[in-house]
Amino acid sequence: MRTEQALPVRLEDYRPPDWLVETVDLDVSLDASATRVRAKLQLKPNPKAAAPAPVVLDGDGLKLVGLKLDGNALPADSFVATADGLTIPQPPHGPFVLEIETLADPSANTQLMGLYRSNGTYCTQCEAEGFRRITYFPDRPDVMAVYTTRIEANKQEAPILLGNGNLIASGDIGATGRHFAIWHDPFPKPAYLFAMVGGKLGVIEDSFTTMSGRKVALKIYVEPGKEPRAGYAMDSLKRAMAWDEKAFGREYDLDIFMIVAVSDFNMGAMENKGLNVFNDKLVLASQETATDADFASIEAVIAHEYFHNWTGNRITCRDWFQLCLKEGLTVFRDREFSSDQRSRLVKRIADVRFLRSQQFVEDAGPLAHPVRPSIYREINNFYTATVYEKGAEVVRMLKVLLGAAGFRKGMDLYFSRHDGEAATIDQFVQCFADANAKDLSQFMRWYSQAGTPEVAVTSTYDAKARTYSLEIAQVIPPTPGQPAKEPMVIPLAIGLVGHDGRDLPLTRKDGHAVADGVITLTKPAETFVFTDIGERPYPSLNRGFSAPVRLTADLSVDDLRFLAAHDPDPFNRWQAVQSLATTLLLDNVLARRSGAAMREDDGIIAALAAILTDEKLEPAFVAQTLAMPSEADIARDLGRDVDPDAIFASRIALRNAIGNRLGSALREAYRQMSDGAPYRPDATGAGRRALKNMCLDLLAASGSAAAIALAMRQYSTADNMTDQMAALGTLSFHNVPERQAALDDFYRRFSADPLVIDKWLALQAVIPESDTLERVRGLTRHSVFSLANPNRVRALIGAFAQANQTQFNRADGQGYAFVADSVLALQAKNPQIAARLMTAFRSWRALEPVRRGKAEAALRGVASWPGLSGDVKDIVDRSLAEG
Ligand code: 0A1
Ligand code: ZN
């Protein structure tokens, strides 16, 4: 673990590497505690660099055993080797071969970076800076080399040996009981895409024939016995491969594509060339063990990692500041894929909810940073919602601005111009500019300016002149290191809805129609005038969430009710309901804080009633509309003086009112959606279950004993995890005897299945009651829990910190103390997971004074800990920084 404070790395300091590596020959002899790594690097001076320079290789915790230059052992005084680096001050002037031998202990690797073991399987994780934990290397993405990997191991312990690229040889090593495999990857790649695996694994196999007729072998490796749960992942992979050919003209390039699922993994999955390594929760699924949401995530992440083969691997990043070049773009691509496989509308709503709940919150606090940061200390801490989610929104805006055909032209140019390169965001955007003869220089501010733009709209209708104008101002709030901002390019899709519920034609003053219904803001304030408008219309703004902004408009409650019922853009129907609910919820939070009575509102109930009974709407959309803003949504919109108890009370009151007032409609919808059809994880089936379970939850929110009985019945009779889990979730929010009975039953049924036990842990962690903290503390001592497994930590402590607003934010500060203690207990073992847990404190300044004080004390306590890991220190320091 690195404990010393890393020096900041700055984008402006980028220099091309002094030395390039043409080929890497690795020879890895796997052993539980003493794995021997021999690396043969063909080095050559970079013609682009100022010669002659020393060779400086990165390392992290390495033990050097031997070093040769062009076949000769290097004298001790001609190099400097530490655990964290290897320098040869006076290397030859031309190309040479360096042979490095190191020893590693994979069983002791608890950080899960570099070479480690998961349930006995040897595996690697190299992004972002893990390869330097395997051998000394210029560990930066602009050094791309051709790798050949020889792996050997005890045949009993690791019968399966996998590497990047194609298998070129394998066999036994005499009578030693050991065997080997040699893998060759012909595509030059950065070290972060290196991977190897060795273990006892089961496999499912299939194949895919590419658009040019090449047959690709597909293999998914899992722990033995779990093969039957890998089928959906395989199906998703084949659909993703076909989709990328159709949507982007991208074909797979090796003869084999492999996925390995492991139980211990810091993130979701990793796009290593030809050998993706996955967190097993994003591979394994069956009707009995996975929910519809799990199936959807598997489909999306399998696709995401596959799509990286072009956006990330074939074209990689010049440096880690360009992370969004591969991540924002690849998230955009996986969202498009899911939209085409499922419902585009429902997917968009889910994505926008996620963006607002994660990225808007990040953008509004001390951890805010641009989509392309310009400074970092720990790159691991920049795999954020801003880089991924806002990064995807920025790519999406390019498509809105250029149209589908213009966007595709830009992508085609990007693929042809930069294939095989380590590129930058500037080069990416330049492709869209060149392909469409457009100036996108102002658009680049989306990459450099942090903060969510606030767009304020005022409308005026002039009946006499038959004009309607929108006066629109944009402000980008200050963020750390960026006190003042320049105006952005904001594409706003809009409609003006007439009384008959139809869009009026959008004609500008100059007589031209507004192309595609999109107006583009570029200035701090500007006015858009539409002519020949015969009635005062209802403005429908930022349709489909065309720009990731916070929009406020002078819409009355009546306007919102009209739009909720009639907006031809269904996304904005959903948005209108959310806006109505938000207004009510915020009013009631303030009322509660000041001791005034909360109000009930007919508008929102009437809007929901209309949507619930509209049979033309897809069930998944209705479910999304019935889902009221979360406690975190309300806290974010409040922005200051946040009292989670008041928010909870306000939200409970609204859900109670919905459950009571719409009881018969909810029961009817529940009945209609319970069709007894066999389970299928597709969008249609999932949508029906989503609506059914939303109805159940709202009925229970009314406090009805019949609804609790219904939930208990659904829990016991469900034939799939979605329905079972939803019923258990509903029960867990009510302090009734059935709750504990169901939780105990669930544990008995699934105690041998860690991925299902994660659901059981998470459910208990989010119970909004004052004894939850004790329950969670108790569960940390339960035999199913382990601080060494990231999934368990996220399920229990992560869920408590991120998804239990009232209990994490207990007024006595005990929730903060528990999470801070957990971070300290974890950080020496796994600094990455500890740092991520620490981000739960990111909104501490928005809390009301008592909680703010307690949260600050917890943060300062962690900051003062001796031997704090660099990863956690980076998060804590930025969280506490002023301004
Ligand atoms: N590139 C991966 C994300 C990832 C990043 C770091 C990791 O190290 C622990 C693992 C995975 C993706 O976008 O899926
Ligand atoms: Zn990715």
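In each ligand, atom 1 is the first atom listed, and ligand 1 is the first ligand listed. Computation of the quantities below employed the complete heavy-atom set of this structure, encompassing side-chain atoms and omitting hydrogens, waters and symmetry-equivalent molecules.
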Charged N-O contact under 4.0 Å between Glu299 and Arg342: yes
Positive for ring pair (Phe, Tyr, Trp, His ring centres under 6.0 Å) with Phe194, one of Trp183, Phe131, Phe187: Phe131
So, Arg314 and Asp253, do they make that salt bridge, N to O below 4.0 Å? yes
N, O or S atom within His308 nearest to the Zn ion (ligand 2), by name: NE2
N, O or S atom within His304 nearest to the Zn ion (ligand 2), by name: NE2
Output for ligand 1, non-hydrogen cut-off under 4.0 Å, lists Met113, Gln125, Glu127, Asn266, Met267, Ala269, Met270, Glu271, His304, Glu305, His308, Lys326, Glu327, Tyr383, Tyr388, Gln832
Could you give the distance from CD1 (Ile256) to CG (Asn166), rounded to the nearest 0.5 Å? 7.5 Å
If I compare all heavy atoms of Val222 with all of Val283, which pair ends up nearest, and what's the gap? CG1-CG1, 4.4 Å
Using the side-chain contact (heavy atoms from CB on, under 4.5 Å) definition, which of the options Val37, Leu86, Ile134 pairs with Thr102? Val37
In Glu327, the N, O or S atom nearest to the Zn ion (ligand 2) is which? OE1
Are Trp310 and Asp244 linked by a side-chain donor-acceptor pair shorter than 3.5 Å? no
